[in-house]
Participant: 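Let me give you the structure first, and then I'll get to my questions.
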Amino acid sequence: MSTVSSELRVTLDGSERVVPAGATAGQALEADGRTVIAARVNGELRDLEHVLGDGDAVEPVEIGSDDGRAIMRHSAAHVMAQAVQELFPEAKLGIGPPVENGFYYDFDVAEPFTPDDLKRIEKRMREIVKQDQRFSRRPVSDEDAREELADEPYKLELIGLKGSAGSEDGANVEVGAGELTIYDNLDAKSGELRWKDLCRGPHLPSTRVIPAFKLMRTGGAYWRGSEKNPQLQRIYGTAWESREKQDEYLRLLEEAEKRDHRRLGAELDLFSFPPELGSGLPVFHPKGGIIRKVMEDYMRQRQMEAGYEFVNTPHLTKSSLFEISGHLPYYGEDMFPPFEVDGTDYRVKPMNCPMHNLIFRARGRSYRELPLRFCEFGSVYRYEKSGVVHGLTRVRGMTQDDSHIYTTKEQMGDEIKSLLNFVLSVLRDFGLSEFHLELSTRDDSDKFIGEAADWEEATEALRQAALESGLELVDDPGGAAFYGPKISVQAKDAIGRTWQLSTIQLDFNQPKRFGLEYQAADGTRQTPAMIHRALFGSIERFMGVLIEHYAGAMPPWLAPVQVVGIPIGDAHVPHLEKVAERLRGRGVRIEVDASADRMQKKIRNAQKQKIPFMLLAGDDDVAKDAVSFRYRNGEQKNGVSIDEAVEEIVKAVEDRVQV
Ligand SMILES: [Zn+2]
Ligand SMILES: [Zn+2]
């Protein structure tokens, strides 16, 4: 907006102010460029050097805010690309967006980067940061941009995509729908051009503002995410608003690395992913199999007590079932492709609900039977892209502890409340104790089906249940599935990471599509409310989360081997076998290490296997009919009578204590 007045009326961070004509956002905000690093002008993120117009509303963007971090991280990506092109002049630029906790940039180079290259690049970056180069925005015409970037084939391609590039392939980092801009890096003193990049911005005022960064790793990445395109080399970095934040993040990463369930799964001999089976298809070894069994037995027992009924359904079905359910148009891409048998298309099932609906529909239902709670450990198969498959937490074949609950409208509220309590009590038994809830609801968009009144009622019922739980509730408007609102339980693990676990999901779609009905007390035919509930999510994923939460040191009730007997010499083996016999009689999983290893080695092995209890025995113990009781943390009690030892172990398992 042009103005002849020498003053502008603007709204600064909510209050009306007058600033001189020609003032930049940074001047108006009196930004120091260190903590306030950009501005939001009329809702759009802008550089501090953005010149204001009359009537603009300006808000500061702090470096530690989500927007501020993204701008700072993306600016760090520019610095990295500059360093790479200074050290490797042949490198061509792909894209360089901010990502969670950091940034990356893709490069077309003849050879992949080595760890040594990363060190050199990082060193060069530190020099660029110190040089205090200014990020300067310059609008260009499409033709000028093409001419300036004639050496950058990927950037040229992006210019051609202007306005049409989706966010998924990241292209919209560089070009939006409006005018093209190039960001020049200018020397602080001489103003000389040091480097430039096609980019929408905004950026930090200067390279010097980046408080802390580190290059993390490299990897291959196809241009624009397609295997048909050339493979580029991606360098990932992390960047933070302070050194302390970065150190904290790096410590967390290190801790997470130690707890990585994929590594622990191999070390503890729990499961593996044989390449012969294909990506995302785990097999459980005996020790992982025992953990699964304990989890399932526990859930069966709890569900039995809570009035669930056990059903069972096949892995395969005619494709047409998913036409009835309405999943095919919405969910088809996440399913394995159909295959033909006897002239009919079949699918492996990605979910159990349609089959449970058929069981509900198999005969007439009366209100007296409701709530009807079907449950099943149902194996489902989902087509996850190979890039997102991750250990047990993102697999292609999984077993859900799945349940579908059918209620009358009147029962729905109470059922949801008791269901939420049930879910939380189960999670607490597994040793998770810090939760918050997320309530996903509809918004105004037209993707949601069902009556407004039904949505309101169901949302209210979920909200009431959530409020009564006393847990923190985060609203997620617009985040509901098209067919109904849901609550998801988010749990914090031992190192503060949040995992989405259980979901309680209302469904207005399937009961109608399957024509589910029950006879009400007044004799009329009514449609039941349907609740989907997966508590573990899947057994695989939940086990992965537990392994990371416990860093592999499962509490006694879940540990594959709960006790190991360690004789000081061969002569003490029979004594420990006698103890083992008694413990086995009480359902305890115990092994006696009668190998030729020395005692210290046996103790180390048991520690490596993260076995909760060790029972040591020497001459004294045999004489006194006792054992030496050693815990996973290294503590030891000597001369414990066998009776006492047995009772302590049995009680620790029964009480699900965490040691
Ligand atoms: Zn940029
Ligand atoms: Zn379901």
Side-chain angles (χ1 to χ4, degrees), residues 1-79 95-99 103 132-142 144-145 158-159 162-163 165 167 170-186 188 196-211 239 241:
M1 186 184 287
S2 70
T3 172
V4 288
S5 159
S6 62
E7 290 178 334
L8 308 172
R9 248 177 300 275
V10 297
T11 311
L12 278 185
D13 211 6
S15 57
E16 300 272 336
R17 290 274 276 286
V18 175
V19 297
T24 63
Q27 287 162 346
L29 289 166
E30 291 172 7
D32 56 8
R34 281 283 191 174
T35 49
V36 174
I37 50 105
R40 200 170 259 288
V41 181
N42 305 327
E44 300 278 334
L45 288 172
R46 301 286 185 196
D47 298 312
L48 286 182
E49 65 175 25
H50 176 81
V51 178
L52 296 177
D54 204 25
D56 280 350
V58 192
E59 292 162 69
V61 173
E62 309 232 3
I63 194 166
S65 67
D66 287 353
D67 287 334
R69 278 179 171 170
I71 290 168
M72 182 264 295
R73 286 168 178 163
H74 172 62
S75 299
H78 274 232
V79 171
I95 56 163
V99 291
F103 59 89
D132 192 11
Q133 298 183 11
R134 199 157 66 80
F135 286 97
S136 179
R137 182 179 186 272
R138 174 164 56 90
V140 282
S141 69
D142 289 18
D144 287 352
L158 292 177
I159 295 170
K162 196 174 93 170
S167 60
N172 73 346
V173 174
E174 331 281 325
V175 295
E179 66 181 347
L180 289 178
T181 50
I182 285 180
Y183 273 78
D184 294 324
N185 276 26
L186 304 176
K196 66 184 170 189
D197 195 2
L198 178 74
C199 186
R200 297 171 75 179
H203 279 281
L204 298 171
S206 148
T207 57
R208 205 165 59 96
V209 179
I210 302 170
E241 66 270 26

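Residue numbers count from 1 along this sequence.
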Participant: To the nearest 0.5 Å, tell me how far Leu45 CG sits from Asp67 CG.
Facilitator: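 Those atoms lie 4.5 Å apart.
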
Participant: Determine the minimum heavy-atom distance between Ser75 and Leu204, stating which atoms define it.
Facilitator: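 Distance-wise, the nearest heavy atoms are OG-N, 3.2 Å.
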
Participant: Working to the nearest 0.5 angstrom, can you tell me the gap between Met72 CE and Phe103 CZ?
Facilitator: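 One finds 9.5 Å between CE of Met72 and CZ of Phe103.
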
Participant: If you look at every heavy atom in Val58 and Ala25, which pair is closest and at what distance?
Facilitator: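 The answer is CG1-CB, 4.3 Å.
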
Participant: Please give me the minimum heavy-atom distance between Leu8 and Ala21, naming the atom from each residue.
Facilitator: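 Between these two residues, the closest heavy atoms are CG-CA, 3.9 Å.
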
Participant: About how many Å separate CZ of Phe135 and CG of Asp184, when rounded to the nearest 0.5 Å?
Facilitator: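 Output value for this atom pair is 11.0 Å.
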
Participant: Ignoring hydrogens and geometry beyond distance, is a side-chain donor-acceptor pair present between Asp132 and Ser206 at under 3.5 Å?
Facilitator: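 Yes, a side-chain donor-acceptor pair sits under 3.5 Å.
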
Participant: Looking at Ala57, is its backbone amide N or carbonyl O close enough to the side chain of Asn42 to form a donor-acceptor pair, meaning the two atoms are under 3.5 Å apart?
Facilitator: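 Indeed, once roles are kept as given, a pair shorter than 3.5 Å links the two residues.
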
Participant: Check whether Asp197 reaches the backbone of Tyr183 with its side chain - one donor and one acceptor, N or O, closer than 3.5 Å.
Facilitator: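 Side chain of Asp197 to backbone of Tyr183: no pair is present.
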
Participant: With distance as the sole test, does Glu44 use its side chain to make a donor-acceptor pair with the main-chain N or O of Val41 at under 3.5 Å?
Facilitator: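 No, the answer is negative, given that no donor and acceptor are paired below the 3.5 Å cut-off.
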
Participant: About how many Å separate CD of Glu59 and CG of Asp13, when rounded to the nearest 0.5 Å?
Facilitator: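 Here the rounded value is 6.5 Å.
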
Participant: Side chains of His50 and Pro202: does their closest heavy-atom pair fall under 4.5 Å?
Facilitator: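 No, their side chains stay 4.5 Å or more apart.
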
Participant: Could you pull out the closest heavy-atom pair between Val140 and Ala145, with the gap in Å?
Facilitator: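 Minimum heavy-atom contact is CG2-CB, 3.8 Å.
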
Participant: Can you tell me how far CG of Asp56 sits from CG of Leu12, rounded to the nearest 0.5 angstrom?
Facilitator: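 One gets 10.0 Å once the value is rounded to the nearest 0.5 Å.
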
Participant: Spell out, as yes or no, whether a donor-acceptor pair under 3.5 Å connects the side chain of Arg73 to the backbone of Ala239.
Facilitator: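 Answer holds: yes.
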
Participant: Are side-chain heavy atoms of Leu48 and Thr24 found at a separation under 4.5 Å?
Facilitator: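 Leu48 vs Thr24: side chains apart.
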
Participant: Just to verify, what does Arg69 make a side chain to side chain donor-acceptor pair (under 3.5 Å) with, not counting sequence neighbours?
Facilitator: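 If we apply the side chain to side chain donor-acceptor pair (under 3.5 Å) test to Arg69, skipping adjacent residues, the hits are Glu241.
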
Participant: Quick one, Glu179 with Arg137, criterion salt bridge (Lys or Arg N to Asp or Glu O under 4.0 Å). Give me CA distance, side-chain angles, the key distance, then yes/no.
Facilitator: CA-CA 12 Å; Glu179 66 181 347; Arg137 182 179 186 272; 3.6 Å; yes

Participant: So which heavy atom on Ala28 is nearest to which on Leu52, and how close?
Facilitator: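 For Ala28 versus Leu52, the nearest heavy atoms are CB-CD1, 3.6 Å.
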
Participant: Please round to the nearest 0.5 Å and tell me the distance separating atom CD1 of Ile71 and atom NE2 of His203.
Facilitator: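 With rounding to 0.5 Å, CD1 (Ile71) is 9.0 Å from NE2 (His203).
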
Participant: Work out which heavy atom in Pro98 is nearest to a heavy atom in His74; give both atom names and the distance.
Facilitator: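 Looks like CD-CB, 3.8 Å.
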
Participant: Counting only heavy atoms not in Arg17 (residues, nucleotides, ligands), do more than 12 fall under 6.0 Å from its CZ?
Facilitator: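 Open.
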
Participant: Mind checking whether Asp144 and Ile182 have side chains closer than 4.5 Å, heavy atoms only?
Facilitator: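 The answer is no; the side chains never approach within 4.5 Å.
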
Participant: Just checking Arg9: does its CZ atom have more than 12 heavy atoms from other residues, nucleotides or ligands closer to it than 6.0 angstrom?
Facilitator: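 Incorrect, the count does not exceed 12.
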
